[in-house]
Novice: 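Take a look at this one; I'll ask things after.
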Amino acid sequence: MELDKHYSPQLVEDKWYSYWMDNGFFDSTPDEREPYTIVIPPPNVTGVLHMGHMLNNTIQDVLIRKARMEGKNACWVPGTDHASIATEAKVVKMLAEKGIKKLDITREEFLGHAWDWKNKYGGIILDQLKKLGASCDWKRTRFTMEEDLSNAVIDVFIKLYKDGLIYRGTKMVNWDPAGKTTLSDEEVIFKESQSNLYYVTYKFTDHTKETFNNELGGLQVATTRPETIMGDVAICVNPNDERYKSLIGKTVIVPVVNRVVKIIADDYIDIEFGTGCLKVTPAHDENDYKIGEKHNLEIIDVLDDDGRIHERAGAYVGMDRFACRKQIVKDLEEQGIITKSEQIKNTVGHSERTDAVIEKKISTQWFVNMQEYLKRFPQVLSAVMNDEIKFHPVKFKNVYKHWLDNIKDWNISRQLWWGQRIPAWYDEKGNYVVAKTEAEAQKLFRDNAFKAPMSDNSNLIERHVNRDTLNVQHSTDEEHISNPVNLIQDADVLDTWFSSWLWPMSVFDGFKEGDKNDLNYYYPTNDLVTGPDIIFFWVARMIMAGYAFNGQKPFSNVYFTGIVRDKLRRKMSKSLGNSPEPMDLIAKFGADGVRMGMLLSSPAGNDILYDESNVEQGRNFCNKIWNAYRLIAGFQTVADDKVSEAVLASNKLADDWFEMKYQTAVNDILEQFKDYKLSEALMTIYKLIWDDFCSWYLEMVKPVYGQPINESALTQAKNNLEKVLTLLHPFMPFITEELYHELYDGKPMQPMILHAYPTAKGNVSQVDDKALQIISEIRNIRNSKGLSPKMAFELIIKTEQENSYKIWETTIAKLANISEINYNISKPEKCLSSLIGTDEIFIPFAEAIDEVAEMKKMQEELTYLEGFLKSVDAKLNNDRFVANAKPDVIEKEKQKRADALEKMEKLKKSLTQNNN
RNA sequence: GGGGGCUUAGCUCAGCUGGUUCAGAGCAUCUGCCUUACAAGCAGAGGGUCACUGGUUCGAACCCAGUAGCCCCCA
C-alpha cells in the first residue's frame, strides 16, 4: 500500500476513539489489581472547552494511560459541576432574552428551565474531551446536582450542623449586587483601581464650635465612598493624633442627612491617610463594622439588594450606588462641602462570576466554623506539611499553610435557586431546625429542638439588617411552638464548592446507603490535576472533607498546572480574542499534535505561553514518526544468510546500541514521571525518537538504495519502533495506536492502549560508541570545507583502541561516506586532521588544503589547552584544595591534566610535522 | 501592608546535597543540501561576565546579605 508522505490525524483519530470505547478499554470495575484513580475537576456545565481544560485533561490522560499500561486498574471519573451562580446567571439571561423575568416565575418553573438548559448544553464539554482522546470511564459520568450527590450534600450539611460546625449567624458578608447573592471570601477578586478620594467637611455643632473652630467650620474627612455618607454614625480619629485630641467626644453633623454624630477615637486609624479622620459606616466596611461593635454604634445599611440607595438612607433613594456617588459629589461640591479630591490607587473587590463591585454588608447567613473544624481535623494541615499529600510543585505548600493559618468562617449560603437547597426550616417566628424533610422538621419542632432566630422574621423575607434586627429576640412563645404550622424551608441554596468538596467520595457513592465497594477500592484517589487558582476553593476543601467524612486523605498527589496565556503573557480571554478554539486546533493539527504542543512547554506550576508553533512542533513530530514507519514498512527483506557477516554484525551492533539508548531513556522517563515532570519526560521521548531512533539507528540499519534488509534486522527495527511507540502512547495515543496496528497488519496481540509499559532496569549494558563521534566530525569537516557528502574519503585513525572503531566500520563508512579505513599508519603529507578525544584522525586530501588555516586551528586549540592545563594545575598545586576536596574530585582533576597533556603533545607533533 | 516565588542563549525553560574539558535542552537564527522515509525534512554552526553588589569557601549559576526589576497569593 502506498502511504502518503504526510500523516493525516483526521483519518485515524475518531476511528481509534470509537475502537477504545466499543471495547470498553476505559471502563473500570474493582478487581484484584492495584487501583489507580483520578477524579476529573468537574468542568462547569455552562462551559465550553478552553485551553486550560486542554492542558489539564491532557495531563490527566497521560497519567491514566500510563497507569493502565502498567497493569493497574485505571479509573478516571468524569463529570460536570452545576456551578450554581454561573449557571443561574446564564439561565436568567437566557430567560430574559425570551422576555421572562426570574421574579415573575416560581422557583419550580425556574428550575425546570435550568434543567432543560443543563440537559441541552451540559454535555458539550465532555464530548469535546473525547476529541482530545481523554480515556475517562464515561459510564461513571456524574453531575454534582444529580440526586445521589445532592443527597450527600444535604446529609453532610445536617451532620456538620449537628456536630456544631455549621451555624447560622449575622455577620458582615460579601454581597454581589449583580448576582444578588452573598459570596465567600474566595469568590471575591481584588483588583487595583484608580479612585477619587474626596475631602468632605462635617460641620461642627454649635456645642463643638465653642471649643474648636477653624476656617471650614468643621472636620475634613477623606473618603472614596461618599454615597455611604447617609450611613455614617461616627467620625473616628487616632487617640494619639494631636490635631484632634481636643475634639474627641464632641459632635459633628453628617452632610446630606444632617445627623449629629460623635467624634470617637481608635488606634485603628492611620494618622497619615487622608486627613486622619475616618467616617465610620459600620454597614459597609469590615473595619468600620469592627469599630462600630467596639464603640456600640448603630448600623445603617443604605443600600438595597440591587446596589441602589435604600429608603433607610433618607436621601437619593432608588438611585444606583455609582450614580449616587456622582450626584452626591456634585451636590456637595456646589454646597462647598467637598472642597477637593485626589486620585489614589486602591483595591476594589469584584465578584469572580459577575465581575460586579462587591458590597460588604451585614446579613444573616449559614457558615462553617473553620477554626473549630481545623481544630477537630488537624490532618488538614499536617497531611500536606508532612507530604502525606504531596503538592507539585512544592511551593504551594506555603500558600496552603498561609491560607489555613488565616482562615475565616466559610459563608455557604447563596441567594440563588440553582443548587442544593439548604435543609433548614422556619416557623413564622423565625425559629428554625435543620432536617432533611419537612416531616422531620415538624417533629423537631414538636420536641422543642429548635433554635431561636438570630434576628426577626423580616429577615427571611427581606435580607437587610437594620439596627432593630440585630437585637436578638429569644422566642418564649411555647404554646405556639408546640403546634407548628406552615414551616418554610430556607429559600437559599448552598455554595457550589460545598458540593464539589465531596466529589472524590461522592462519585464513588461514598455517602449513599448500600455497598461501599467502589469507595473502598478507589478511594483515596491517586492524583489530582488542577489549576492553582482553585487551591482554596476546591483542593483545600476536598482535603477537609476527606478527613472529616472518611478519615482519609482524598488523594496522594496534587499536580498544579499553570495558567495558559498567550505569547505576550496575557491570560486567554474572550474579550481579548486571544484564545484559539480548541476544536479548530484539533481539526487542524490533530489531537496528538495539540497534546504535545500543550505539554512541551508546561512544567508543573509554570504558566504556559501558548504559541501555535508548539502545536506545529507536535504535528511535525507525528509526521516524523509516520515517516519512520513508512521507511520500515517499505523495506524489502532477504534471509540473514544472504547478507555479509559485516552487515549482520553491524545491524546487530546498531540494535544493541539502540537498546542502550532506549533503556537509558526509559530509566530517565520513569524518574521524570515520579517527579511529575511530564514535559521533560515527553522531551526525553522526543529526542529518543527523533535523534537516536530516526537519525542514528534507522540510518545505521537502512540498506543502500534498492538493497533489501536482512530479516532479523527488520524484526529488530520493528521491535524498536514498537518500543518507542509504547513509550509515547500516553502522550500521543492516536498515532501510536494506529502505527502499532499497522506494524502488525492490523492484528497485534493486544491494542497499544493495553500494551505493557516499560520498566526501569538497574544495569544498562553499555556499548562503546566513541567511534560515532568520527561521523559527526567528518560531517563537520565537510561542511566547513564546503566538500560534498557525495565525495568518498579515505580515513586514517591513530589510536591504541582499534577495536572501538573496528566494530563500527560499516556504520562509519555508510554514514560518513568513507571508502577505506586504515589504522596507525603514518600521517600523509597532505591531509585534514582532527582529534577525537585523545585519538587522531587524518583524511588524506591532496588538493586545496589551506595549510595555514589548518595550522591556525591547531594552534588555537593548543593555546586553549595550555590555559586549561594552567587552571587544573592551579587547583592541584593548591594544598588546601588537595586537603579539602573529595578524593574522586581530585582524581578527576588528575585525569583532566593527563588528557590535556596527551592532546597537547599530539598537536605539537602535528604542528612541527607540518612545518617541515 | 503581609506572605511566597522568579531573574541562566533571541524566546520558553532544565541545572539534584557547591567540584568532570571555559554552563544544558527545545524552539528560533545562520550556512550548505529537494542525499529515494520525512523540506512538516537532512547535515553542521554560531549564540550566555548565570540581574547587580558584596560575603562565605581551596572552589559559587548553586550557600548568605543587600540592591534593582518582574510575577503570584492574601488583606
Side-chain angles (χ1 to χ4, degrees), chain A residues 3-7 185-186 188 190 270 286-287 347 349 393 395-403 405-408 532-533 535-536 563 567 569 589 593 600-603 605-609 611 613-614 616-635 671-672 675 677 679-680 682-684 686-687 690 694-695 698-699 702 704-706 775-784 786-790 815-817 837 864-865 867-869 871-872 874-886 888-893 895-897 899-900 903:
Chain A
L3 295 170
D4 195 88
K5 275 183 7 174
H6 290 153
Y7 170 63
D185 293 341
E186 289 70 34
V188 179
F190 286 90
D270 178 359
E286 187 92 58
N287 294 307
T347 48
K395 68 177 177 186
F396 287 108
K397 274 166 83 169
N398 284 330
V399 178
Y400 181 78
K401 178 171 192 299
H402 191 253
W403 183 71
D405 287 347
N406 296 289
I407 198 161
K408 300 221 180 95
D533 50 330
I535 181 171
F536 309 134
I563 293 167
K567 273 193 267 192
R569 283 197 186 271
F589 296 101
L600 266 184
S601 56
S602 64
N606 274 23
D607 285 354
I608 103 153
L609 305 191
D611 185 345
S613 70
N614 288 344
E616 269 174 37
Q617 196 183 347
R619 181 210 43 192
N620 294 353
F621 185 42
C622 287
N623 202 47
K624 185 74 185 174
I625 300 165
W626 173 254
N627 277 289
Y629 168 72
R630 223 157 58 94
L631 175 66
I632 292 173
F635 283 147
E671 275 305 308
Q672 286 153 345
D675 297 337
K677 294 181 173 175
S679 11
E680 283 183 37
L682 178 55
M683 184 47 69
T684 307
Y686 178 77
K687 285 192 277 192
W690 202 299
C694 293
S695 296
L698 285 180
E699 293 298 331
K702 184 166 92 178
V704 287
Y705 180 65
I775 295 167
S776 300
E777 188 58 29
I778 292 173
R779 285 169 174 171
N780 189 4
I781 289 171
R782 279 204 159 92
N783 248 311
S784 60
L787 302 171
S788 166
K790 285 175 182 163
L815 300 195
N817 194 11
Y864 160 71
L865 283 169
F868 175 70
L869 186 67
S871 77
V872 175
K875 276 191 206 173
L876 287 170
N877 294 333
N878 182 335
D879 293 342
R880 297 172 77 181
F881 171 73
V882 179
N884 291 320
K886 285 182 233 155
D888 59 315
V889 173
I890 296 172
E891 206 40 57
K892 277 173 190 163
E893 291 299 320
Q895 187 59 45
K896 281 194 222 169
R897 184 170 188 275
D899 285 355
K903 280 188 188 179

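Below, chain A is the first sequence line, B the second, and so on; all start at residue 1.
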Novice: Using Watson-Crick or G-U wobble geometry with both distances under 3.5 Å, which nucleotide pairs with B/U56?
Specialist: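 Partner of B/U56: none found under 3.5 Å.
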Novice: Between B/G15, B/A37, B/A75, which one does the side chain of A/L631 approach most closely?
Specialist: B/A37
Novice: Which nucleotide sits closest to the side chain of A/K624: B/A25, B/C38, B/U36?
Specialist: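 When the side chain of A/K624 is considered, B/C38 is the closest of B/A25, B/C38, B/U36.
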Novice: Considering every strand and a 4.0 Å limit on heavy-atom distances, what is the contact class for A/K687: base, sugar-phosphate, or nothing?
Specialist: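 If one applies the 4.0 Å heavy-atom cut-off, A/K687 turns out to touch the sugar-phosphate alone, with no base involved.
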Novice: Once you apply a heavy-atom cut-off of 4.0 Å, does A/Y629 come out as touching a base, just sugar-phosphate, or nothing?
Specialist: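 Contact class for A/Y629: none.
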Novice: Output yes when a side-chain donor or acceptor of A/D675 lies under 3.5 Å from a complementary backbone atom of A/K677, and no otherwise.
Specialist: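 Such a contact is absent between A/D675 side chain and A/K677 backbone.
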Novice: In whole Å, I'd like the distance from the CG atom of A/L876 to the C1' atom of B/G19.
Specialist: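 Result: 12 Å.
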Novice: What's A/E699 touching, base or sugar-phosphate or nothing? Going by heavy atoms closer than 4.0 Å.
Specialist: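 A/E699: base contact, heavy atoms under 4.0 Å.
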Novice: Among B/A25, B/A40, B/A43, find the nucleotide with the atom closest to the side chain of A/N623.
Specialist: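 So the nucleotide nearest the side chain must be B/A40.
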Novice: Atom CH2 of A/W626 and atom P of B/A37: how far apart are they, to the nearest Å?
Specialist: 16 Å
Novice: 5'-most contact on RNA chain B: A/L865 or A/S784, nearest heavy atom basis?
Specialist: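 Nearest nucleotide further toward 5': that of A/L865.
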Novice: Strictly below 4.0 Å: does A/N780 bring a side-chain N or O up to OP1 or OP2 of B/A45?
Specialist: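 Looking at the OP1 and OP2 atoms of B/A45, one of them is under 4.0 Å from a side-chain N or O of A/N780.
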Novice: Considering non-hydrogen atoms only, spot the tightest contact between A/R630 and A/D4 and give its length.
Specialist: CD-O, 3.4 Å
Novice: Rounding to an integer number of angstrom, what distance separates B/U12 and B/U57 when you compare their C1' atoms?
Specialist: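 Between the two C1' atoms, the distance is 34 Å.
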Novice: Using atom P of each nucleotide, how far apart are B/G46 and B/C30 to the nearest Å?
Specialist: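 It comes out at 16 Å once rounded to the nearest Å.
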Novice: When you measure from the side chain of A/R880, which nucleotide among B/G44, B/U57, B/A37 comes out closest?
Specialist: B/U57
Novice: Is the aromatic ring of A/F881 within stacking range of B/C58, meaning centres under 5.5 angstrom and planes under 30 degrees?
Specialist: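 No, aromatic ring not over the base.
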Novice: Between A/E616 and A/N620, does any side-chain donor sit less than 3.5 Å from a side-chain acceptor?
Specialist: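 Short answer, no.
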Novice: Please report, rounded to the nearest Å, how far the C1' atom of B/U36 is from the CG atom of A/N627.
Specialist: 12 Å
Novice: Provide the Watson-Crick or G-U wobble partner of B/U36, both distances under 3.5 Å; none if there is no partner.
Specialist: none
Novice: Can you tell me the distance, in whole Å, between the CD1 atom of A/I632 and the P atom of B/C38?
Specialist: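 Result: 14 Å.
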Novice: Can you tell me how far P of B/C42 sits from CG of A/N783, to the nearest Å?
Specialist: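 For the pair A/N783 CG and B/C42 P, the rounded distance is 15 Å.
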Novice: Applying side-chain contact (heavy atoms from CB on, under 4.5 Å), run through A/K5 and A/N623 and close with a yes or a no.
Specialist: CA-CA 8 Å; A/K5 275 183 7 174; A/N623 202 47; over 6 Å; no
Novice: Mind checking who B/A23 pairs with, Watson-Crick or G-U wobble, both distances under 3.5 Å?
Specialist: none
Novice: Can you tell me if the side-chain N/O atoms of A/K677 get under 4.0 Å from OP1 or OP2 in B/G15?
Specialist: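 For B/G15, OP1 or OP2 has a side-chain N or O of A/K677 closer than 4.0 Å.
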Novice: Please give the distance between the P atoms of B/G55 and B/G48 as a whole number of Å.
Specialist: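 The same atom, P, in both gives a distance of 27 Å.
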Novice: Below the 4.0 Å mark, does B/G44 have OP1 or OP2 next to a side-chain nitrogen or oxygen of A/R779?
Specialist: yes
Novice: Which residues pass the side-chain hydrogen bond (donor to acceptor under 3.5 Å, both in side chains) test with A/E286, sequence neighbours left out?
Specialist: A/K360
Novice: If we call it a pair only when both distances are under 3.5 Å in a Watson-Crick or G-U wobble match, what pairs with B/C6?
Specialist: B/G69
Novice: Applying side-chain contact (heavy atoms from CB on, under 4.5 Å) to A/W403 and A/V399, what does each step give before you reach the verdict?
Specialist: CA-CA 6 Å; A/W403 183 71; A/V399 178; 5.8 Å; no
Novice: Check the phosphate of B/A25 against A/W690, side-chain N and O only, distance under 4.0 Å to OP1 or OP2. Yes or no?
Specialist: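 Result: no.
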Novice: Ignoring hydrogens and geometry, is there a side-chain-to-backbone donor-acceptor pair from A/R782 to A/S788 under 3.5 Å?
Specialist: yes
Novice: Could you measure between the two P atoms, the one in B/G10 and the one in B/U29, and give it in whole Å?
Specialist: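 Here B/G10 and B/U29 have their P atoms 15 Å from each other.
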Novice: Is any N or O donor-acceptor pair between the side chain of A/K5 and the base of B/C38 shorter than 3.5 Å?
Specialist: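 Counting by modelled atom types and ignoring angles, no donor-acceptor contact under 3.5 Å is found here.
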Novice: Taking the same atom, P, in B/G18 and in B/U31, what whole-Å distance lies between them?
Specialist: 44 Å
Novice: Tell which nucleotide pairs with B/C30, taking only Watson-Crick or G-U wobble pairs whose two distances are both under 3.5 angstrom.
Specialist: B/G44
Novice: From the set B/A37, B/U35, B/C58, return the single nucleotide nearest to any side-chain atom of A/N884.
Specialist: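 Among the listed nucleotides, the one closest to the side chain of A/N884 is B/C58.
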Novice: To the nearest Å, give me how far apart NZ (A/K875) and P (B/G18) are.
Specialist: 16 Å
Novice: Do the side-chain N or O atoms of A/S776 get closer than 4.0 angstrom to the phosphate oxygens (OP1, OP2) of B/G44?
Specialist: yes
Novice: Regarding A/E616, tell me which of base, sugar-phosphate or nothing describes its non-hydrogen contacts under 4.0 Å with the strands shown.
Specialist: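 Answer is nothing: A/E616 stays at 4.0 Å or more from every strand.
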Novice: Considering only NZ, NE, NH1 and NH2 on the basic side and carboxylate oxygens on the acidic side, decide whether A/D405 and A/K401 come within less than 4.0 Å.
Specialist: yes
Novice: Are there any protein N/O atoms within less than 3.5 Å of an N/O atom in nucleotides 71-74 of chain B, and if so, which ones and at what distance?
Specialist:
none

Novice: Looking for any heavy atom pair under 4.0 Å, which part of the strands does A/C694 touch: base, sugar-phosphate only, or nothing?
Specialist: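 Base contact.
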Novice: Check for a donor-acceptor pair, side chain of A/R897 on one end and backbone N or O of A/V872 on the other, with a separation under 3.5 Å.
Specialist: no
Novice: Picking from B/A37, B/A43, B/C27, which would you name as closest to the side chain of A/Q617?
Specialist: B/C27
Novice: Using atom C1' in both nucleotides, what's the gap between B/U17 and B/A61 to the nearest angstrom?
Specialist: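 Rounded to whole Å, the distance is 16 Å.
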Novice: Report the residue (A/S613 or A/K790) whose heavy-atom-nearest nucleotide on RNA chain B is the more 5′ of the two.
Specialist: A/S613
Novice: Working note: A/L698 + A/I632, criterion side-chain contact (heavy atoms from CB on, under 4.5 Å); need CA distance, chi angles, decisive distance, verdict.
Specialist: CA-CA 9 Å; A/L698 285 180; A/I632 292 173; 4.0 Å; yes
Novice: Measuring from atom NZ of A/K875 to atom CD of A/E893, what distance do you get when rounded to the nearest 0.5 angstrom?
Specialist: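 Spacing of NZ (A/K875) from CD (A/E893) equals 4.0 Å.
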Novice: Does B/A37 have OP1 or OP2 sitting under 4.0 Å from an N or O in the side chain of A/R630?
Specialist: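 Checking A/R630 against B/A37: no side-chain N or O falls below 4.0 Å of OP1 or OP2.
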Novice: NA contact type, A/E680, heavy-atom cut-off 4.0 Å: base, sugar-phosphate, or nothing?
Specialist: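 Sugar-phosphate contact only.
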Novice: Establish, with yes or no, whether the OP1 or OP2 oxygen of B/G41 is under 4.0 angstrom from a side-chain nitrogen or oxygen of A/N620.
Specialist: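 Yes, A/N620 has a side-chain N/O under 4.0 Å of OP1/OP2 on B/G41.
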Novice: Considering only atom C1', compute the distance from B/G24 to B/G47 and round it to an integer number of Å.
Specialist: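 Rounded to whole Å, the distance is 13 Å.
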Novice: Could you label the plane-to-plane angle of the A/Y7 and A/W626 rings as parallel, tilted or perpendicular, counting under 30° as parallel and over 60° as perpendicular?
Specialist: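 A/Y7 vs A/W626 ring planes: tilted.
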Novice: Take atom C1' in B/U8 and the same atom in B/A51, then report the distance between them in whole Å.
Specialist: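 Rounded to whole Å, the distance is 10 Å.
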Novice: For B/A43, take OP1 and OP2 only and decide whether either is under 4.0 Å from a side-chain N or O of A/S695.
Specialist: yes
Novice: Base, sugar-phosphate, or nothing: which does A/D611 touch, judged by heavy atoms less than 4.0 Å apart?
Specialist: nothing
Novice: From B/G19, B/G4, B/U31, pick the nucleotide closest to the side chain of A/N398?
Specialist: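 Looking only at heavy atoms from C-beta outward on A/N398, the closest nucleotide is B/G4.
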